[in-house]
A.B. asks: 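Have a look at this one before I ask anything.
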Amino acid sequence: GEDVEQSLFLSVREGDSSVINCTYTDSSSTYLYWYKQEPGAGLQLLTYIFSNMDMKQDQRLTVLLNKKDKHLSLRIADTQTGDSAIYFCADGSGGFKTIFGAGTRLFVKA
Amino acid sequence: DTEVTQTPKHLVMGMTNKKSLKCEQHMGHRAMYWYKQKAKKPPELMFVYSYEKLSINESVPSRFSPECPNSSLLNLHLHALQPEDSALYLCASSPTSNTEAFFGQGTRLTVV
């Protein structure tokens with residue numbers, strides 16, 4: 001079946017940029033999402049990108065999409081301690097069935 | 001209103017109990033979902049309702065029984081659960097299929 005893969009951990013210093021990477025297998029994917037989950041909470045939709053886009057910027061967040069390599073990245077500029085969370089990459093192209101990556105746990109050191 | 005509201009936030013139940021989880025959204029979304037999430041894992045889809053009809057059941061055991069009384073409400077009835085059913089249960093909604101889903105804060109369920 002289709003799959004989404006992410007690295008499991010990322011550690012950065014406060015004020016640095018964070019880059020979280022994701023690869024997906026479905027070449028026909030059209031809707032790709034980034035969700036954030038803080039401890040004990042639900043998933044918060046951070047941003048999304050459609051397959052007809054290469055880049056999307058929203059304040060401190062930049063999403064890059066490389067369709068040829070089926071690679072998606074989320075860059076967080078000026079990372080703060082409040083950004084410490086798990087970030088899920090998700091492929092929402094399968095109708096009602098969203099495929100989630102395993103999640104990248106971001107640690108921000110003060 | 002862009003919220004999905006779940007109640008209760010925490011629930012402890014015995015293996016012989018019957019309880020219900022509730023979910024509500026007022027965004028006019030026509031698709032509603034139940035997910036189960038174990039610690040340090042991504043959410044796993046359980047059920048999908050589309051236009052108040054059950055559209056997807058991911059082979060979930062019958063001790064979990066979903067119900068969609070109207071387009072804004074989604075319930076999950078629990079009966080004779082096992083300790084391994086302890087998890088975070090997340091409700092989500094989306095306008096239709098192939099659109100972004102909005103999640104509630106979840107119900108932390110502990111089965112003792």
Side-chain angles (χ1 to χ4, degrees), chain A residues 1-10 20 22 24 26 28-53 56 58 61 63 72 74 84-107, chain B residues 2-7 9-10 21 23-25 27 29-51 53-59 66 68 74 87-110:
Chain A
E2 305 303 343
D3 197 14
V4 173
E5 291 192 356
Q6 307 176 236
S7 53
L8 294 182
F9 298 99
L10 177 65
I20 302 172
C22 168
Y24 57 96
D26 186 357
S28 63
S29 292
T30 48
Y31 309 95
L32 296 158
Y33 306 116
W34 284 103
Y35 285 92
K36 175 184 180 183
Q37 186 174 33
E38 299 184 38
L43 275 68
Q44 174 194 354
L45 179 66
L46 276 183
T47 188
Y48 59 88
I49 192 165
F50 298 138
S51 60
N52 61 354
M53 302 163 71
K56 181 178 181 184
D58 185 0
L61 304 178
V63 179
L72 184 71
L74 173 69
S84 292
I86 301 176
Y87 291 80
F88 291 99
C89 173
D91 182 349
S93 312
F96 293 116
K97 294 190 179 186
T98 298
I99 301 171
F100 289 90
T104 298
R105 190 176 294 268
L106 175 64
F107 296 94
Chain B
T2 57
E3 277 195 0
V4 176
T5 303
Q6 289 187 244
T7 55
K9 286 187 169 37
H10 302 274
L21 309 185
C23 175
E24 190 168 2
Q25 59 88 13
M27 295 179 277
H29 290 173
R30 303 318 300 263
M32 295 187 75
Y33 310 74
W34 281 115
Y35 284 87
K36 174 182 177 180
Q37 187 181 27
K38 299 287 263 184
K40 300 183 182 179
K41 297 289 187 184
E44 298 173 21
L45 184 64
M46 299 175 72
F47 302 104
V48 181
Y49 274 82
S50 175
Y51 290 87
K53 293 193 185 323
L54 184 63
S55 180
I56 294 175
N57 176 343
E58 291 285 85
S59 302
C68 189
L74 186 66
L88 182 67
Y89 287 84
L90 294 164
C91 174
S93 71
S94 65
T96 58
S97 65
N98 286 339
T99 55
E100 64 274 19
F102 294 85
F103 284 78
Q105 290 298 298
T107 294
R108 174 73 60 190
L109 174 67
T110 304

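A note on names: the letters A, B, ... follow the listed sequences, proteins ahead of strands, and every chain is numbered from 1.
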A.B. asks: Any idea which of A:Gly42, A:Gly94, A:Gly40 has the most non-hydrogen atom pairs under 4.5 angstrom with chain B?
C.D. replies: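 That would be A:Gly42.
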A.B. asks: Does any heavy atom of chain A fall under 4.5 Å from the side chain of B:Gln37, the backbone, both, or neither of them?
C.D. replies: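 Just the side chain, heavy atoms under 4.5 Å.
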A.B. asks: Using the test side-chain contact (heavy atoms from CB on, under 4.5 Å), find all partners of A:Ser84 that sit at least two apart in sequence or belong to another chain.
C.D. replies: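 Partners of A:Ser84 under the side-chain contact (heavy atoms from CB on, under 4.5 Å) test: A:Val108.
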A.B. asks: Against chain B, label A:Leu45 side chain, backbone, both or neither, depending on which of its atoms sit under 4.5 Å from a heavy atom there.
C.D. replies: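 Answer is side chain: those atoms of A:Leu45 sit under 4.5 Å from chain B.
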A.B. asks: Can any side-chain N or O of B:Thr107 pair as donor or acceptor with the backbone N or O of B:Tyr89 at less than 3.5 Å?
C.D. replies: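 No, the answer is negative, given that no donor and acceptor are paired below the 3.5 Å cut-off.
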A.B. asks: Could you tell me the separation between the OH atom of A:Tyr31 and the OH atom of A:Tyr48, rounded to the nearest 0.5 Å?
C.D. replies: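 Result: 11.0 Å between the selected atoms.
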A.B. asks: Given heavy-atom pairs under 4.5 angstrom as the criterion, report whether the side chain, backbone, both or neither of B:Ser94 touches chain A.
C.D. replies: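 No part of it gets close to chain A.
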A.B. asks: B:Glu44 side chain to B:Lys38 main-chain N or O, any donor-acceptor pair under 3.5 Å?
C.D. replies: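 No, B:Glu44 side chain to B:Lys38 backbone: no donor-acceptor pair under 3.5 Å.
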A.B. asks: Please state whether the side chain, the backbone, both or neither of A:Gln44 comes within less than 4.5 Å of a heavy atom of chain B.
C.D. replies: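 For A:Gln44, neither part sits under 4.5 Å from chain B.
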A.B. asks: Specify which of B:Pro43, B:Ala31, B:Gly106, B:Gly104 makes the most heavy-atom pairs with chain A at under 4.5 Å.
C.D. replies: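 So the answer, after comparing B:Pro43, B:Ala31, B:Gly106, B:Gly104, is B:Pro43.
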A.B. asks: Filter on side-chain hydrogen bond (donor to acceptor under 3.5 Å, both in side chains), then keep only pairs touching residues 88-100 of chain A, sequence neighbours left out; what's left?
C.D. replies: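 Found A:Ser29-A:Asp91, A:Asp91-A:Ser93, A:Lys97-B:Glu58.
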A.B. asks: Can you tell which of B:Ala92, B:Ala39, B:Cys91, B:Ser50 has the highest number of heavy-atom pairs within less than 4.5 Å of chain A?
C.D. replies: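 Looking at each option in turn, the highest pair count goes to B:Ser50.
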A.B. asks: Using 30° and 60° as the class boundaries, would you call the ring planes of A:Phe100 and A:Tyr35 parallel, tilted or perpendicular?
C.D. replies: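 Rings of A:Phe100 and A:Tyr35: tilted, as their planes differ by 30° to 60°.
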